[in-house]
Visitor: 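Can you read through this structure? Questions will come right after.
Order of the sequence lines sets the chain letters (A, B, ...), proteins ahead of strands, with each chain counted from 1.
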There are 2 protein chains.
Amino acid sequence: MTKNANSHFAYAYVRDVLTEQIRSAELAAGAQLPTERELCERFAITRPTLRQALAQLENEGLIFRQNRIGWFVCLRKLRYNPMRHISFLQYAAEQGFQPQTKVVSQEKLKPPQHIAEALQMDPRAHAVHLTRVRSVDERPVLVERLWFNPKTMPDMEQKDLSSSITGILKNDFHLKSLVFDVTVDTTCLLNPHAACLETNEGALGLKLVRVISDNKGQVFEYDEEYWRHDALQIENQATLAFT
Amino acid sequence: MTKNANSHFAYAYVRDVLTEQIRSAELAAGAQLPTERELCERFAITRPTLRQALAQLENEGLIFRQNRIGWFVCLRKLRYNPMRHISFLQYAAEQGFQPQTKVVSQEKLKPPQHIAEALQMDPRAHAVHLTRVRSVDERPVLVERLWFNPKTMPDMEQKDLSSSITGILKNDFHLKSLVFDVTVDTTCLLNPHAACLETNEGALGLKLVRVISDNKGQVFEYDEEYWRHDALQIENQATLAFT
DNA sequence: TCAGTTTATTGGTCTAGACCAAACTTAAGG
DNA sequence: CCTTAAGTTTGGTCTAGACCAATAAACTGA
């Protein structure tokens with residue numbers, strides 16, 4: 001097969017050609033790519049070589065796969081500021097998406113040790129645990145798992161958790177301010193998160209952990225957010241005032 | 001080959017075994033993994049299958065490769081808050097790393113159109129462009145490319161850019177406050193960034209874009225940071241006060 | 001026309017190599 | 001002891017299949 005000068009490997013050439021087709025909108029957002037076998041024929045390469053190229057486009061967040069259906073050009077991303085406090089439903093709607101939330105489970109159980117430690121709770125105690133999936137335009141993009149400290153947030157199993165948790169902290173537990181500690185890592189999505197996000201096991205994802213405390217450092221809530229990496233763009237804004 | 005119940009594919013089984021060995025410190029941070037051919041023999045699989053498992057561990061940020069030398073368990077990550085303003089040298093040193101910075105190039109040239117637009121400058125004009133590589137413990141982790149708006153930051157080619165750019169904005173251009181707009185995306189590292197980071201082309205990375213303006217919205221600087229994804233953990237903290 | 005079954009299509013997983021090239025190790029010579 | 005060359009080891013790239021399984025499309029019968 002022929003290649004241009006700056007991508008002498010076959011997979012790199014294919015990756016660059018497809019990238020340019022996506023960037024120039026020759027392949028439109030949401031469009032299905034030709035099948036793997038068609039692309040192999042067109043570029044005169046084998047499927048392992050093609051899939052190396054596709055994997056890199058996938059990691060770049062340019063394409064995504066639907067199991068046994070095909071590869072698609074990614075749609076626009078949800079811009080997400082993990083430090084803001086308006087609800088998912090609100091900022092997704094503001095950006096022209098159609099957001100949805102589905103509770104997967106709510107139960108009271110013993111948390112893993114690292115979560116018990118982060119919550120500063122008795123590791124033998126049970127905590128209320130809420131798992132929910134968020135979608136935009138009927139495409140699941142986020143699995144979140146919330147843990148509530150039984151000491152600082154008692155009786156959570158009796159509250160309506162479909163409303164704002166921040167509201168519960170303010171109104172039911174009378175907090176005057178909250179501190180959010182957030183970390184972001186790349187991760188490999190495993191089941192059940194991968195299945196909830198309708199992606200295959202092993203796909204790249206972003207894991208966001210948020211610990212919510214009061215201003216005395218007492219921990220109330222521990223959240224894990226597993227995101228499809230191709231569905232969001234993290235953003236933030238800060239101001240530096242010179243004194 | 002044999003596998004346990006929850007990872008019925010060979011590559012998934014290998015991935016999970018190696019993950020557990022890393023998590024339990026049976027494979028210590030920095031340790032070299034057995035060679036690919038040794039692992040193939042041990043697990044009775046072929047190299048493509050093994051490399052599928054290794055690729056997922058790499059995306060997870062658990063292992064990294066050195067070209068033609070071997071696979072290694074990742075060392076601890078630099079915790080990075082993109083919204084803070086202390087220098088890289090300072091927060092890396094605070095975390096017990098040995099930071100280094102190397103200027104790769106400094107030149108004045110016509111920026112790409114999307115950068116000219118972000119800088120709100122005449123697209124035909126030239127801007128000072130600085131490229132530098134940051135390392136910790138002699139391991140390159142970040143390539144940054146800084147563009148300075150010639151309208152708001154004239155004569156930058158005559159300044160000492162090895163010192164604090166923020167200091168230059170404050171002292172030379174008399175700004176009273178700065179606004180930082182930051183976005184974070186996963187990306188596929190290509191050359192020359194991949195080479196600077198001593199990783200192979202196509203490796204997963206994180207791209208962070210920061211636009212620096214004054215409080216009137218006038219843009220001064222446009223920064224692109226290309227990070228080894230396995231070398232950093234993004235963190236942030238915010239406070240929400242209820243009124 | 002609809003429901004159920006069958007067939008086809010698509011990506012997913014895997015084997016079994018081959019060969020390349022960067023990096024390291026070893027050996028030889030000055 | 002140092003430099004250079006040769007050999008070895010390692011990950012990188014690629015071919016050439018095979019077979020699986022999820023999903024869609026097509027077909028058939030009521």
Visitor: Verify the neighbour count for atom NZ of B:Lys102: are there more than 12 heavy atoms of other residues, nucleotides or ligands below 6.0 Å?
Guide: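 12 or below, so no.
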
Visitor: Need one value for A:Thr35: base, sugar-phosphate or nothing, where a base atom within 4.0 Å counts as base even if backbone is also close, heavy atoms only.
Guide: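 Answer is sugar-phosphate: A:Thr35 comes under 4.0 Å of backbone atoms only.
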
Visitor: Just the rounded figure in Å: distance from P of D:dG12 to NE2 of A:His8.
Guide: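 From A:His8 NE2 to D:dG12 P: 13 Å.
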
Visitor: Using whole Å, report how far CD1 of A:Ile45 lies from C1' of D:dA16.
Guide: 14 Å

Visitor: On DNA chain D, compare the nucleotides closest to A:Pro48 and A:Ile69; which residue's is nearer the 5' end?
Guide: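 Taking each residue's closest nucleotide, the earlier one in sequence belongs to A:Pro48.
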
Visitor: Where the side chain of A:Arg37 is defined as all heavy atoms beyond and including C-beta, which of D:dG12, C:dG12, D:dC14 is the nearest nucleotide?
Guide: C:dG12

Visitor: Is the distance from OP1 or OP2 of D:dC14 to the nearest side-chain N or O of A:Gln52 less than 4.0 Å?
Guide: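 Checking D:dC14 against A:Gln52, no side-chain N or O comes under 4.0 Å of OP1 or OP2.
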
Visitor: At their closest point, which heavy atom of B:Phe72 faces which heavy atom of B:Leu33, and how far apart are they?
Guide: C-CD1, 4.1 Å

Visitor: Does any non-hydrogen side-chain atom of B:Leu204 lie less than 4.5 Å from one of A:Thr186?
Guide: yes

Visitor: Within the modelled atom types, does a donor on one side and an acceptor on the other bring the side chain of B:Arg47 and the base of D:dG12 under 3.5 Å apart?
Guide: yes

Visitor: Separation of B:Leu54 atom CG from D:dT10 atom P, in whole Å?
Guide: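 So the two atoms are 14 Å apart, to the nearest Å.
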
Visitor: Apply side chain to side chain donor-acceptor pair (under 3.5 Å) to B:Glu60 and B:Gln56, showing your working.
Guide: CA-CA 6 Å; B:Glu60 182 94 3; B:Gln56 291 188 0; over 6 Å; no

Visitor: Should we count CZ of A:Arg76 as having more than 12 external heavy atoms under 6.0 Å?
Guide: yes

Visitor: Quickly work out the A:Gln66 CD to C:dG12 P distance and round it to whole Å.
Guide: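 Distance check: A:Gln66 CD to C:dG12 P gives 11 Å.
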
Visitor: Taking only N and O in the side chain of B:Thr49, is any of them less than 4.0 Å away from OP1 or OP2 of C:dT15?
Guide: yes

Visitor: Should B:Arg51 be listed as having a side-chain N or O under 4.0 Å from OP1 or OP2 of D:dG12?
Guide: yes

Visitor: In whole angstroms, how far is the P atom of D:dC20 from the CZ atom of B:Phe9?
Guide: 12 Å

Visitor: Once you round it to whole Å, what is the distance between C1' of D:dG12 and CD of B:Glu36?
Guide: 9 Å

Visitor: I need the OH-P distance between B:Tyr13 and C:dG12, as an integer number of Å.
Guide: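 The answer, rounded to whole Å, is 24 Å.
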
